[in-house]
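Computed from heavy atoms alone, side chains included, the values below leave out hydrogens, waters and symmetry copies. Numbers here simply count residues along the sequence, with the first being 1.
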Amino acid sequence: MTHQAPALTPEQKKELNEIALQIISPGKGILAADESVGSMAKRLTQIGVENTEENRRFYRQILMTADDRVKTFIGGVIFFHETLYQATDDGTPFINIIKERNIVAGIKVDKGVVPLAGTNGESTTQGLDGLAERCAQYKKDGADFAKWRCVLKISPTTPSALAILENANVLARYASICQQNGIVPIVEPEILPDGGHDLKRCQYVTEKVLGAVYKALSDHHIYLEGTLLKPNMVTPGHSCPTKYSPEEIATATVTALRRTVPPAVPGVTFLSGGQSEEEATINLNAINKCPLPKPWALTFSFGRALQASALNAWGGEKDNMQAAQDEFVKRAEVNSLASLGQYEPSIEPSAEGEGEGEGAASQSLYVENHAY
């Protein structure tokens, strides 16, 4: 029972660790641009743009071709399958553009959540079938890390022990398959912000979920130095009447991580979880300023919280491309500062259309029962 056959060679371990460290170099985080076709439909509909492949490609082109400042702030980009193989107007593949900037390419590999029978609306995530073959192909095509999202809900009866155990095991199985194929797995057990629970309840559940995840990763012989964690920040439920300060959120988040996440894990790349752009940045900054010892890099893997202002600035008009890129670079820069605990709201860099961008930055991005 205690005997372990070698899962990875020293060379494989070295490559995985180097990839993970490159993604989370100081001041860098991840752009999550892996929204599915369905999720992009929601984003584009909000700005009155038709959800066509060309519109999705052009919008992603805005993000990928933002000026060279982004390479200081972004260490990795997560692609959706469609986007990984798309190119700019002049035919340059997106993946080539980011690699030239020393940004690591990643790929979403799960196939969405499915109901877990016999539970109160809980779910597991599908996509393990054929994953080894897909990972091998993605590695050949230039992807060096992957993302798999599991979802848990807080209510008086959830998350159940079954949901916690099942999602922990599926994350561990995914991580194992990725590592066998030279791909760094981002482990994402997202606890949704839906509900009226308080900060203490979210911290308790987060600790139980992460504890189960790292037990499963250990059981499956995962090389932790070649992984990244993408958790929720510990926040109250969206409809909780009590308001908490960024410092309280930071203390609860770091405490939960310290109790569950081994120091061998190189970095924690938080999801934004429906927080406004500004809120996500302020909380990330507070987490990095928290006086408790923090043995991992604590940075961002944001989708909506890096893109909302850029999407609004674009509005589907090609002439707005530069304004949208300015907004994206601005969000990337402030989150880079926050990942170092150096963000000051009063010194946000200005972008074209600052007033409009500021409005978008403070708008809640919460979506009930959010699906990617």
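Residues Asp194 and His238 have side chains not in contact (no heavy-atom distance under 4.5 Å, counting atoms from C-beta outward). Side-chain contact between Asn312 and Ile47 is present, with at least one heavy-atom pair separated by less than 4.5 Å. Using a 4.5 Å heavy-atom cutoff, the side chains of Phe145 and Val77 are not in contact. Under the 4.5 Å side-chain criterion, counting only non-hydrogen atoms from C-beta, Tyr343 is in contact with Thr281. In this structure the side chain of Thr125 never reaches within 4.5 angstrom of the side chain of Tyr174, judged on heavy atoms. In this structure, Glu277 and Asn335 have side chains that are not in contact, with every pair of non-hydrogen atoms separated by 4.5 Å or more. Leu152 is listed as a side-chain neighbour of Ile164, based on a closest heavy-atom distance under 4.5 Å. In this structure, the side chains of Glu82 and Met40 stay at 4.5 Å or more apart for every pair of heavy atoms.
The heavy-atom pair separating Gly226 from Pro185 by the smallest distance is O-CD, 3.2 Å. Closest non-hydrogen pair, Leu340 versus Asn288, comes out as C-CB, 4.3 Å. The two residues Ile282 and Pro246 have their closest heavy-atom pair at CG2-CG, 3.6 Å. Smallest separation of non-hydrogen atoms from Ala33 and Thr83: O-OG1, 4.4 Å. Residues Arg149 and Asp110 come closest through the heavy atom pair N-OD2, 3.0 Å. Here the shortest heavy-atom pairing between Leu257 and Pro231 reads CD2-CG, 4.5 Å.
Within a 6.0 Å radius of OH in Tyr244, more than 12 heavy atoms belonging to other residues, nucleotides or ligands are found. Open room surrounds NZ on Lys111; 12 or fewer heavy atoms of other groups in view lie less than 6.0 Å from it. Surrounding CZ of Arg134 are more than 12 heavy atoms belonging to other residues, nucleotides or ligands, all under 6.0 Å away.
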Q: Show your working on side chain to side chain donor-acceptor pair (under 3.5 Å) between Glu166 and Thr124 and close with a plain yes or no.
A: CA-CA 7 Å; Glu166 160 62 17; Thr124 185; 2.8 Å; yes

Q: Please lay out, stage by stage, how Asp89 and Arg57 fare under the test salt bridge (charged side-chain N to carboxylate O under 4.0 Å, His left out).
A: CA-CA 9 Å; Asp89 292 342; Arg57 185 203 66 81; 2.5 Å; yes

Q.
Applying side chain to side chain donor-acceptor pair (under 3.5 Å) to Asp141 and Tyr85, what does each step give before you reach the verdict?
A. CA-CA 9 Å; Asp141 294 339; Tyr85 299 102; 2.6 Å; yes

Q: Check the pair Glu133 / Gln137 against side chain to side chain donor-acceptor pair (under 3.5 Å), numbers first and verdict last.
A: CA-CA 6 Å; Glu133 292 79 8; Gln137 188 62 52; over 6 Å; no

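Salt bridge annotation for Lys13-Glu225: absent, with no cationic side-chain nitrogen under 4.0 angstrom from a carboxylate oxygen. Salt bridge Arg56/Glu53: absent, no basic N to carboxylate O contact under 4.0 Å. Between Lys215 and Asp219, at least one side-chain N (NZ, or NE/NH1/NH2) sits under 4.0 Å from a carboxylate O, which counts as a salt bridge.
To the nearest 0.5 Å, the span separating CZ on Phe270 from CG on Leu298 amounts to 5.0 Å.
Side-chain polar atoms of Thr242 and Asp198 form no donor-acceptor pair below 3.5 angstrom.
The side chain to side chain contact (heavy atoms under 4.5 Å, CB included) with Cys150 is formed by just one residue from the set Ile191, Asn167, Val213; it is Asn167. Between Lys147 and the choices Glu190, Glu188, Glu35, the salt bridge (Lys or Arg N to Asp or Glu O under 4.0 Å) rule is met once, by Glu188. Here the options are Glu207, Lys200, Arg201, the test is side chain to side chain donor-acceptor pair (under 3.5 Å), and the partner is Gln203; only Glu207 passes.
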